[in-house]
Amino acid sequence: MSIRETIQSGLRLFPGRMGAGMLAGILAFFCFSAWAAEFHLVVTGDLHGQAWALARLAPSIRAVGREAVRADIGDLEQGSFISSASGGLVMMDLLNALKFDFFVPGNHDFELGAEGFFRLCGAFDGRVLGADWGWRERRPIPWCMVTRNGIRAAVIGLTDPRMSRRILPVDDAEFTAPYRALTAIMPEIRAAEPEVVILLWHNGEYWPGGNLGRLLHEFPEIDLVVGGHTHEEQPGKRIGGRFFVQPGARGEAAAHIIVTVDDSTRKIISISSELIRPAAEAEPGLLKIITSHRPEDPEITKLDEPLRLPEPAEHNSAFGLLAARAMAEAAGCDAAIFYSSSRRLASEKRLTEAGLYRLMPYRNRICVIEISREELRRLLEDRLEYVRNYPAALAGYGFTFTIDRRRKLDKFSAPERVTLALSDYLASGSEIIRQLARDPARGFRVLPEMTEREAVKKFLRKER
(Lines give C-alpha, C1' and ligand atoms only; values in the text may rest on other atoms or scores of the structure.)
Protein backbone atom coordinates (compact mmCIF):
# COMPACT_ATOMS: atom_id res chain seq x y z
CA MET A 1 0.00 0.00 0.00
CA SER A 2 1.32 3.44 -0.95
CA ILE A 3 1.65 6.38 1.47
CA ARG A 4 -1.31 8.10 -0.28
CA GLU A 5 -3.48 4.96 0.01
CA THR A 6 -2.55 4.65 3.70
CA ILE A 7 -3.64 8.23 4.37
CA GLN A 8 -6.93 7.82 2.44
CA SER A 9 -7.68 4.60 4.32
CA GLY A 10 -6.99 6.33 7.62
CA LEU A 11 -9.30 9.22 6.72
CA ARG A 12 -12.16 6.77 6.12
CA LEU A 13 -11.57 5.31 9.58
CA PHE A 14 -11.24 8.76 11.26
CA PRO A 15 -13.68 11.10 9.47
CA GLY A 16 -13.82 14.78 10.28
CA ARG A 17 -11.24 17.55 10.51
CA MET A 18 -9.89 16.50 13.93
CA GLY A 19 -9.33 12.92 12.82
CA ALA A 20 -7.65 14.00 9.60
CA GLY A 21 -5.33 16.45 11.39
CA MET A 22 -4.31 13.95 14.02
CA LEU A 23 -3.64 11.25 11.44
CA ALA A 24 -1.70 13.59 9.18
CA GLY A 25 0.53 14.66 12.08
CA ILE A 26 1.19 11.09 13.17
CA LEU A 27 1.94 9.96 9.64
CA ALA A 28 4.18 12.98 9.04
CA PHE A 29 6.23 12.08 12.09
CA PHE A 30 6.66 8.46 11.06
CA CYS A 31 7.32 9.36 7.44
CA PHE A 32 10.04 11.84 8.46
CA SER A 33 11.62 9.20 10.70
CA ALA A 34 11.51 6.68 7.85
CA TRP A 35 12.89 9.09 5.27
CA ALA A 36 15.70 10.64 7.34
CA ALA A 37 18.85 9.24 8.94
CA GLU A 38 21.23 10.68 11.51
CA PHE A 39 25.03 10.74 11.56
CA HIS A 40 26.52 11.29 15.03
CA LEU A 41 30.03 12.64 15.61
CA VAL A 42 31.82 13.12 18.96
CA VAL A 43 35.04 15.16 19.03
CA THR A 44 37.58 15.96 21.74
CA GLY A 45 40.53 18.30 21.37
CA ASP A 46 43.36 20.03 23.21
CA LEU A 47 43.22 17.45 26.01
CA HIS A 48 46.84 18.29 26.92
CA GLY A 49 47.52 15.12 28.84
CA GLN A 50 44.52 15.46 31.17
CA ALA A 51 43.95 11.74 31.55
CA TRP A 52 41.65 11.98 34.59
CA ALA A 53 39.50 14.60 32.83
CA LEU A 54 39.06 12.26 29.85
CA ALA A 55 38.11 9.43 32.22
CA ARG A 56 35.34 11.65 33.65
CA LEU A 57 34.23 12.65 30.17
CA ALA A 58 34.09 9.01 29.02
CA PRO A 59 30.56 8.17 30.32
CA SER A 60 29.14 11.16 28.44
CA ILE A 61 30.96 10.11 25.27
CA ARG A 62 29.66 6.54 25.51
CA ALA A 63 26.12 7.78 26.15
CA VAL A 64 25.97 9.20 22.62
CA GLY A 65 25.94 5.63 21.31
CA ARG A 66 28.17 3.06 19.65
CA GLU A 67 27.34 4.23 16.15
CA ALA A 68 28.85 7.68 16.74
CA VAL A 69 32.12 8.43 14.97
CA ARG A 70 34.72 9.53 17.54
CA ALA A 71 37.70 11.76 16.85
CA ASP A 72 40.39 13.74 18.65
CA ILE A 73 41.84 16.82 16.97
CA GLY A 74 45.24 17.13 18.60
CA ASP A 75 47.44 18.53 21.34
CA LEU A 76 46.82 15.22 23.05
CA GLU A 77 50.08 14.56 24.93
CA GLN A 78 51.79 17.59 26.43
CA GLY A 79 50.29 19.02 29.59
CA SER A 80 50.60 16.54 32.47
CA PHE A 81 53.43 14.69 34.17
CA ILE A 82 51.85 11.25 33.72
CA SER A 83 51.30 11.83 30.01
CA SER A 84 54.76 13.29 29.42
CA ALA A 85 56.43 10.42 31.29
CA SER A 86 54.64 7.88 29.08
CA GLY A 87 55.31 9.77 25.84
CA GLY A 88 51.57 10.30 25.52
CA LEU A 89 50.83 6.56 25.48
CA VAL A 90 48.45 6.83 28.44
CA MET A 91 46.30 9.19 26.37
CA MET A 92 46.38 6.88 23.35
CA ASP A 93 45.38 3.92 25.52
CA LEU A 94 42.37 5.92 26.71
CA LEU A 95 41.35 6.85 23.15
CA ASN A 96 41.67 3.20 22.13
CA ALA A 97 39.55 2.05 25.08
CA LEU A 98 36.88 4.52 23.96
CA LYS A 99 37.07 3.18 20.37
CA PHE A 100 38.10 6.48 18.77
CA ASP A 101 38.11 6.34 14.98
CA PHE A 102 40.37 9.29 14.08
CA PHE A 103 43.28 11.29 15.46
CA VAL A 104 44.41 14.60 13.93
CA PRO A 105 47.78 15.69 15.44
CA GLY A 106 48.17 19.22 16.80
CA ASN A 107 51.23 21.45 17.05
CA HIS A 108 52.29 20.19 20.51
CA ASP A 109 52.16 16.57 19.34
CA PHE A 110 54.85 17.30 16.75
CA GLU A 111 57.11 18.61 19.56
CA LEU A 112 57.73 15.02 20.66
CA GLY A 113 60.33 14.74 17.90
CA ALA A 114 60.07 12.31 14.99
CA GLU A 115 60.57 9.07 16.90
CA GLY A 116 58.30 10.05 19.79
CA PHE A 117 55.65 11.29 17.36
CA PHE A 118 55.70 8.09 15.30
CA ARG A 119 55.53 6.03 18.49
CA LEU A 120 52.48 7.99 19.63
CA CYS A 121 50.67 7.70 16.30
CA GLY A 122 51.63 4.02 15.95
CA ALA A 123 49.91 3.24 19.25
CA PHE A 124 46.55 4.48 17.94
CA ASP A 125 44.10 1.78 16.87
CA GLY A 126 42.18 4.15 14.60
CA ARG A 127 43.37 6.23 11.68
CA VAL A 128 45.71 9.21 11.82
CA LEU A 129 44.51 11.94 9.42
CA GLY A 130 46.61 14.69 7.88
CA ALA A 131 46.12 16.19 4.43
CA ASP A 132 48.74 18.88 4.96
CA TRP A 133 51.88 17.23 6.36
CA GLY A 134 54.50 14.56 5.89
CA TRP A 135 57.48 13.66 8.05
CA ARG A 136 60.60 11.79 6.92
CA GLU A 137 58.86 10.23 3.92
CA ARG A 138 55.88 9.18 6.02
CA ARG A 139 52.52 10.59 5.04
CA PRO A 140 49.22 9.94 6.83
CA ILE A 141 45.83 9.37 5.21
CA PRO A 142 44.57 12.81 4.08
CA TRP A 143 40.90 11.86 4.34
CA CYS A 144 38.70 8.84 4.91
CA MET A 145 35.18 7.78 4.01
CA VAL A 146 33.11 6.45 6.90
CA THR A 147 29.53 5.17 6.82
CA ARG A 148 27.03 5.30 9.68
CA ASN A 149 23.26 4.65 9.41
CA GLY A 150 23.65 4.55 5.63
CA ILE A 151 25.23 8.04 5.54
CA ARG A 152 28.59 8.32 3.83
CA ALA A 153 30.81 11.04 5.31
CA ALA A 154 34.18 12.17 4.02
CA VAL A 155 36.34 13.09 7.03
CA ILE A 156 39.39 15.33 6.37
CA GLY A 157 42.21 16.08 8.82
CA LEU A 158 44.34 19.27 8.93
CA THR A 159 46.85 20.36 11.56
CA ASP A 160 47.88 23.84 12.72
CA PRO A 161 48.40 26.01 9.58
CA ARG A 162 51.43 27.65 11.23
CA MET A 163 53.35 24.41 11.72
CA SER A 164 55.97 25.36 9.14
CA ARG A 165 56.93 28.18 11.55
CA ARG A 166 56.81 25.99 14.65
CA ILE A 167 59.22 23.25 13.65
CA LEU A 168 62.85 23.47 12.58
CA PRO A 169 63.90 22.80 8.96
CA VAL A 170 66.43 20.20 10.15
CA ASP A 171 63.55 18.04 11.40
CA ASP A 172 62.70 17.16 7.77
CA ALA A 173 58.96 17.69 8.14
CA GLU A 174 56.89 19.20 5.32
CA PHE A 175 53.74 21.25 5.83
CA THR A 176 51.37 22.39 3.11
CA ALA A 177 49.14 25.46 3.34
CA PRO A 178 45.49 24.50 4.02
CA TYR A 179 44.19 25.93 0.72
CA ARG A 180 46.72 23.95 -1.28
CA ALA A 181 46.10 20.76 0.71
CA LEU A 182 42.33 20.94 0.27
CA THR A 183 42.64 21.79 -3.43
CA ALA A 184 44.68 18.61 -3.93
CA ILE A 185 42.17 16.23 -2.34
CA MET A 186 38.81 17.83 -3.11
CA PRO A 187 38.43 16.37 -6.67
CA GLU A 188 38.85 12.89 -5.20
CA ILE A 189 36.29 13.61 -2.49
CA ARG A 190 33.79 15.01 -4.98
CA ALA A 191 34.18 11.92 -7.15
CA ALA A 192 33.40 9.70 -4.14
CA GLU A 193 30.04 11.51 -3.72
CA PRO A 194 29.70 11.59 0.07
CA GLU A 195 26.51 12.92 1.64
CA VAL A 196 28.53 14.89 4.21
CA VAL A 197 32.02 16.46 4.13
CA ILE A 198 33.60 17.04 7.55
CA LEU A 199 36.83 18.93 8.25
CA LEU A 200 38.60 18.13 11.53
CA TRP A 201 41.07 20.97 11.97
CA HIS A 202 43.53 21.84 14.73
CA ASN A 203 42.79 25.51 14.22
CA GLY A 204 40.25 28.10 15.26
CA GLU A 205 38.02 30.49 13.37
CA TYR A 206 40.85 32.96 12.74
CA TRP A 207 44.59 32.64 12.20
CA PRO A 208 47.33 35.01 10.96
CA GLY A 209 46.59 35.70 7.32
CA GLY A 210 43.32 33.82 7.12
CA ASN A 211 39.86 33.11 8.46
CA LEU A 212 37.45 30.22 8.23
CA GLY A 213 34.77 32.13 6.32
CA ARG A 214 37.15 32.82 3.46
CA LEU A 215 38.31 29.20 3.34
CA LEU A 216 34.76 27.83 3.29
CA HIS A 217 33.93 30.21 0.44
CA GLU A 218 36.72 28.55 -1.57
CA PHE A 219 35.58 25.03 -0.64
CA PRO A 220 31.75 24.99 -0.53
CA GLU A 221 31.82 21.17 -0.43
CA ILE A 222 32.69 21.31 3.28
CA ASP A 223 29.52 21.06 5.39
CA LEU A 224 30.96 20.96 8.89
CA VAL A 225 34.21 22.12 10.55
CA VAL A 226 35.26 21.02 14.04
CA GLY A 227 38.10 23.23 15.26
CA GLY A 228 40.63 23.42 18.07
CA HIS A 229 43.98 24.94 19.09
CA THR A 230 42.61 28.19 20.56
CA HIS A 231 41.00 26.41 23.57
CA GLU A 232 37.74 28.29 22.99
CA GLU A 233 34.35 26.63 23.31
CA GLN A 234 31.84 27.04 20.51
CA PRO A 235 28.69 24.90 20.83
CA GLY A 236 27.78 25.57 17.20
CA LYS A 237 27.24 28.41 14.76
CA ARG A 238 27.02 29.15 11.07
CA ILE A 239 30.00 30.59 9.18
CA GLY A 240 29.49 31.28 5.50
CA GLY A 241 26.46 29.01 5.46
CA ARG A 242 28.45 26.11 6.95
CA PHE A 243 28.52 24.74 10.49
CA PHE A 244 31.39 25.32 12.96
CA VAL A 245 31.88 23.69 16.37
CA GLN A 246 34.76 23.74 18.85
CA PRO A 247 34.94 21.52 21.96
CA GLY A 248 37.24 23.65 24.13
CA ALA A 249 40.19 22.21 26.05
CA ARG A 250 41.50 19.96 28.84
CA GLY A 251 38.53 17.60 28.85
CA GLU A 252 36.04 20.19 30.07
CA ALA A 253 33.72 19.26 27.19
CA ALA A 254 33.40 17.26 24.00
CA ALA A 255 31.45 18.28 20.92
CA HIS A 256 28.48 16.15 19.87
CA ILE A 257 27.23 16.88 16.36
CA ILE A 258 24.17 15.39 14.64
CA VAL A 259 23.87 15.55 10.85
CA THR A 260 20.41 14.63 9.55
CA VAL A 261 20.18 13.47 5.92
CA ASP A 262 17.10 12.96 3.72
CA ASP A 263 16.97 9.31 2.62
CA SER A 264 15.41 10.06 -0.75
CA THR A 265 17.40 13.12 -1.88
CA ARG A 266 20.59 12.25 0.08
CA LYS A 267 20.80 15.94 1.03
CA ILE A 268 21.48 17.36 4.48
CA ILE A 269 18.29 18.40 6.24
CA SER A 270 19.93 19.88 9.31
CA ILE A 271 23.07 20.02 11.46
CA SER A 272 22.79 20.47 15.22
CA SER A 273 25.34 20.29 18.02
CA GLU A 274 25.94 20.50 21.74
CA LEU A 275 28.84 20.44 24.16
CA ILE A 276 28.65 17.41 26.42
CA ARG A 277 30.19 17.68 29.88
CA PRO A 278 32.02 15.24 32.19
CA ALA A 279 30.04 12.86 34.36
CA ALA A 280 30.11 13.05 38.15
CA GLU A 281 32.39 10.02 38.37
CA ALA A 282 35.16 8.77 36.12
CA GLU A 283 34.84 5.49 34.27
CA PRO A 284 36.51 2.79 36.44
CA GLY A 285 38.05 0.94 33.49
CA LEU A 286 39.82 4.07 32.31
CA LEU A 287 41.08 4.78 35.84
CA LYS A 288 42.80 1.38 35.78
CA ILE A 289 44.54 2.34 32.52
CA ILE A 290 45.75 5.59 34.08
CA THR A 291 47.01 3.81 37.17
CA SER A 292 49.00 1.37 35.03
CA HIS A 293 50.91 4.31 33.54
CA ARG A 294 51.57 6.15 36.80
CA PRO A 295 55.30 7.03 36.82
CA GLU A 296 57.76 7.06 39.67
CA ASP A 297 58.56 10.46 41.14
CA PRO A 298 62.14 10.32 42.44
CA GLU A 299 63.79 13.19 44.28
CA ILE A 300 66.17 15.33 42.23
CA THR A 301 67.59 17.44 45.02
CA LYS A 302 66.83 19.33 48.23
CA LEU A 303 66.77 23.11 47.99
CA ASP A 304 67.48 25.82 50.52
CA GLU A 305 64.77 27.91 48.88
CA PRO A 306 62.02 26.85 46.44
CA LEU A 307 62.61 27.56 42.76
CA ARG A 308 60.28 30.19 41.36
CA LEU A 309 59.49 30.96 37.76
CA PRO A 310 59.84 34.64 36.79
CA GLU A 311 56.95 37.04 36.76
CA PRO A 312 55.79 38.28 33.32
CA ALA A 313 58.65 40.19 31.66
CA GLU A 314 60.91 39.64 34.70
CA HIS A 315 64.16 39.28 32.76
CA ASN A 316 67.34 37.79 34.20
CA SER A 317 65.47 36.23 37.12
CA ALA A 318 67.30 33.84 39.45
CA PHE A 319 65.58 30.82 37.90
CA GLY A 320 66.21 32.09 34.38
CA LEU A 321 69.92 32.57 35.04
CA LEU A 322 70.14 29.10 36.57
CA ALA A 323 68.39 27.53 33.58
CA ALA A 324 70.57 29.43 31.06
CA ARG A 325 73.74 28.28 32.80
CA ALA A 326 72.45 24.71 32.92
CA MET A 327 71.71 24.79 29.17
CA ALA A 328 75.17 26.15 28.34
CA GLU A 329 76.93 23.49 30.42
CA ALA A 330 74.79 20.63 29.05
CA ALA A 331 75.45 21.72 25.45
CA GLY A 332 79.14 22.60 25.97
CA CYS A 333 78.51 26.23 24.95
CA ASP A 334 79.94 29.45 26.29
CA ALA A 335 76.57 31.27 26.23
CA ALA A 336 72.86 30.49 26.44
CA ILE A 337 69.44 32.14 26.34
CA PHE A 338 66.60 30.87 28.48
CA TYR A 339 63.22 31.99 27.12
CA SER A 340 60.05 30.97 28.90
CA SER A 341 56.43 31.95 29.20
CA SER A 342 55.79 32.80 32.82
CA ARG A 343 53.41 30.60 34.82
CA ARG A 344 54.22 32.02 38.27
CA LEU A 345 54.86 28.61 39.82
CA ALA A 346 57.16 27.67 42.66
CA SER A 347 58.67 24.33 43.59
CA GLU A 348 58.86 22.61 46.96
CA LYS A 349 62.15 22.50 48.84
CA ARG A 350 62.20 18.77 48.09
CA LEU A 351 62.34 18.91 44.31
CA THR A 352 61.08 15.80 42.50
CA GLU A 353 60.64 14.91 38.84
CA ALA A 354 57.00 15.97 38.99
CA GLY A 355 57.89 19.26 40.67
CA LEU A 356 60.43 20.10 37.98
CA TYR A 357 57.89 19.13 35.32
CA ARG A 358 55.41 21.64 36.74
CA LEU A 359 58.06 24.35 36.42
CA MET A 360 59.15 23.28 32.91
CA PRO A 361 56.31 21.33 31.28
CA TYR A 362 57.37 21.48 27.65
CA ARG A 363 59.81 19.21 25.87
CA ASN A 364 62.01 21.97 24.46
CA ARG A 365 65.15 20.52 22.91
CA ILE A 366 68.44 22.41 23.12
CA CYS A 367 69.95 23.80 19.92
CA VAL A 368 73.47 25.12 19.31
CA ILE A 369 74.60 27.82 16.85
CA GLU A 370 77.60 30.07 16.24
CA ILE A 371 76.49 33.69 16.49
CA SER A 372 78.12 37.13 16.48
CA ARG A 373 77.66 39.82 19.10
CA GLU A 374 75.56 41.96 16.75
CA GLU A 375 73.36 39.00 15.79
CA LEU A 376 72.85 38.20 19.46
CA ARG A 377 71.83 41.81 20.06
CA ARG A 378 69.30 41.63 17.21
CA LEU A 379 67.92 38.37 18.62
CA LEU A 380 67.40 39.94 22.05
CA GLU A 381 65.76 43.05 20.57
CA ASP A 382 63.46 40.90 18.45
CA ARG A 383 62.35 38.79 21.42
CA LEU A 384 61.81 41.85 23.61
CA GLU A 385 59.55 43.31 20.95
CA TYR A 386 57.65 40.03 20.77
CA VAL A 387 57.10 39.74 24.53
CA ARG A 388 55.33 43.09 24.61
CA ASN A 389 52.29 41.25 23.24
CA TYR A 390 53.02 37.76 24.57
CA PRO A 391 54.47 38.00 28.09
CA ALA A 392 57.60 35.93 28.56
CA ALA A 393 60.91 36.18 30.38
CA LEU A 394 64.48 36.18 29.07
CA ALA A 395 67.74 35.35 30.83
CA GLY A 396 71.26 35.10 29.50
CA TYR A 397 74.45 33.27 30.44
CA GLY A 398 77.84 34.23 29.00
CA PHE A 399 76.68 37.78 28.24
CA THR A 400 74.87 40.56 30.09
CA PHE A 401 71.97 42.86 29.26
CA THR A 402 69.59 45.23 31.00
CA ILE A 403 66.14 46.55 30.08
CA ASP A 404 64.98 50.17 30.30
CA ARG A 405 61.58 51.42 31.47
CA ARG A 406 60.13 51.01 27.98
CA ARG A 407 61.14 47.35 28.14
CA LYS A 408 63.70 47.82 25.40
CA LEU A 409 67.30 46.67 25.37
CA ASP A 410 69.44 49.14 27.32
CA LYS A 411 72.95 47.95 28.15
CA PHE A 412 74.40 44.94 26.37
CA SER A 413 77.79 43.26 26.63
CA ALA A 414 78.95 40.06 24.92
CA PRO A 415 82.07 38.53 23.32
CA GLU A 416 82.62 39.20 19.63
CA ARG A 417 81.44 35.68 18.81
CA VAL A 418 79.83 32.96 20.93
CA THR A 419 78.55 29.43 20.66
CA LEU A 420 74.96 29.89 21.83
CA ALA A 421 72.60 27.33 23.35
CA LEU A 422 68.87 28.01 22.99
CA SER A 423 65.63 26.05 22.84
CA ASP A 424 64.12 24.74 19.62
CA TYR A 425 60.98 26.67 20.59
CA LEU A 426 62.92 29.94 20.44
CA ALA A 427 64.91 28.89 17.38
CA SER A 428 61.85 27.90 15.32
CA GLY A 429 59.99 31.09 16.21
CA SER A 430 62.86 33.47 15.38
CA GLU A 431 63.38 34.43 11.75
CA ILE A 432 66.89 35.60 12.68
CA ILE A 433 67.90 32.10 13.86
CA ARG A 434 66.06 30.38 10.99
CA GLN A 435 68.10 32.39 8.48
CA LEU A 436 71.41 31.86 10.28
CA ALA A 437 70.75 28.12 10.60
CA ARG A 438 70.80 27.78 6.80
CA ASP A 439 74.50 28.74 6.77
CA PRO A 440 76.58 25.54 7.28
CA ALA A 441 79.40 27.61 8.78
CA ARG A 442 77.18 28.37 11.82
CA GLY A 443 77.23 24.73 12.89
CA PHE A 444 73.55 24.75 13.78
CA ARG A 445 72.49 21.48 15.36
CA VAL A 446 69.82 20.06 17.65
CA LEU A 447 70.65 17.90 20.66
CA PRO A 448 67.71 15.47 20.38
CA GLU A 449 68.16 13.81 23.77
CA MET A 450 68.88 16.99 25.74
CA THR A 451 65.92 19.14 26.71
CA GLU A 452 65.90 22.27 28.84
CA ARG A 453 64.33 20.27 31.66
CA GLU A 454 66.97 17.53 31.49
CA ALA A 455 69.71 20.16 31.49
CA VAL A 456 68.32 21.82 34.62
CA LYS A 457 67.88 18.45 36.35
CA LYS A 458 71.48 17.49 35.57
CA PHE A 459 72.73 20.86 36.83
CA LEU A 460 70.75 20.70 40.10
CA ARG A 461 71.99 17.21 40.87
CA LYS A 462 75.57 18.30 40.33
CA GLU A 463 75.21 21.53 42.31
CA ARG A 464 73.11 20.20 45.18
Side-chain angles (χ1 to χ4, degrees), residues 39-46 69 71-75 102 104-108 129-133 142-144 151 153-166 175-249 252-261 266-275 389-390:
F39 181 96
H40 289 255
L41 174 67
V42 177
V43 183
T44 57
D46 296 285
V69 172
D72 182 84
I73 52 173
D75 280 6
F102 300 111
V104 179
N107 55 295
H108 285 301
L129 296 180
D132 55 345
W133 62 269
W143 70 280
C144 182
I151 299 172
V155 183
I156 307 166
L158 291 178
T159 191
D160 177 2
R162 287 180 56 81
M163 274 309 302
S164 61
R165 311 294 303 173
R166 297 183 186 275
F175 296 93
T176 306
Y179 288 87
R180 184 177 176 185
L182 291 173
T183 298
I185 63 173
M186 206 55 74
E188 184 180 350
I189 292 174
R190 282 195 293 265
E193 298 183 344
E195 281 82 42
V196 186
V197 179
I198 300 167
L199 173 59
L200 303 177
W201 197 5
H202 189 77
N203 194 44
E205 185 178 349
Y206 301 98
W207 64 98
N211 64 75
L212 189 56
R214 189 184 308 166
L215 181 133
L216 293 174
H217 178 75
E218 295 292 329
F219 300 98
E221 301 89 347
I222 297 173
D223 303 295
L224 165 67
V225 179
V226 186
H229 182 60
T230 63
H231 293 197
E232 297 171 312
E233 289 189 357
Q234 175 49 253
K237 69 174 184 178
R238 291 279 176 179
I239 298 177
R242 301 299 183 263
F243 211 77
F244 175 69
V245 184
Q246 192 164 326
E252 294 179 2
H256 172 211
I257 304 104
I258 306 172
V259 183
T260 305
V261 174
R266 311 309 296 167
K267 301 294 184 182
I268 295 174
I269 297 173
S270 66
I271 300 178
S272 61
S273 63
E274 63 176 340
L275 296 183
N389 298 319
Y390 303 96

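Residue pairs meeting the salt bridge (Lys or Arg N to Asp or Glu O under 4.0 Å) criterion with at least one partner in residues 228-238, sequence neighbours excluded, are Glu205-Lys237, Glu233-Arg277. Every pair passing salt bridge (Lys or Arg N to Asp or Glu O under 4.0 Å) that includes a residue from residues 220-229 is listed here, sequence neighbours excluded: Arg190-Glu221.
Within the 4.5 Å cutoff, the side chain of Val69 has heavy atoms near those of the Phe102 side chain. Contact of the Met163 side chain with the Trp133 side chain is not registered, since no non-hydrogen atoms from C-beta on lie closer than 4.5 Å. Considering only heavy atoms from C-beta on, Phe175 stays 4.5 Å or farther from Asp132 through its side chain.
Relative ring orientation between Trp207 and Trp201 is described as perpendicular, the plane-to-plane angle rising above 60° on a 0-90° scale split at 30° and 60°.
Proximity of a side-chain donor or acceptor of Gln234 to a complementary backbone N or O of Gly236 within less than 3.5 Å is detected. With hydrogens and angles disregarded, no donor-acceptor distance shorter than 3.5 Å links the side chain of Asp46 to the backbone of Thr230.
Counting all heavy atoms, side chain and backbone alike, Trp143 lies closest to Ala192 at CH2-CB, 4.0 Å. Minimum interatomic distance between Ala255 and Val245 (heavy atoms only, all atoms of both residues): CB-CG1, 3.6 Å. The heavy-atom pair separating Pro178 from Leu158 by the smallest distance is CB-CD1, 4.1 Å. Looking at every heavy atom in both residues, Gly157 comes nearest to Val104 through CA-CG2, 4.0 Å.
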**Request:** Check step by step if side-chain contact (heavy atoms from CB on, under 4.5 Å) holds for Phe219 and Met186.
**Result:** CA-CA 8 Å; Phe219 300 98; Met186 206 55 74; 4.1 Å; yes
**Request:** Check step by step if side-chain contact (heavy atoms from CB on, under 4.5 Å) holds for Val259 and Ile268.
**Result:** CA-CA 7 Å; Val259 183; Ile268 295 174; 4.1 Å; yes
**Message:** If you apply the rule side-chain contact (heavy atoms from CB on, under 4.5 Å), what do you find for Val225 with Ile239, and how did you get there?
**Reply:** CA-CA 10 Å; Val225 179; Ile239 298 177; over 6 Å; no
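Annotation: salt bridge (Lys or Arg N to Asp or Glu O under 4.0 Å) contacts of Arg162 (sequence neighbours excluded): none.
Between Asp160 and the options Arg166, His108, His202, a side chain to side chain donor-acceptor pair (under 3.5 Å) holds for only Arg166.
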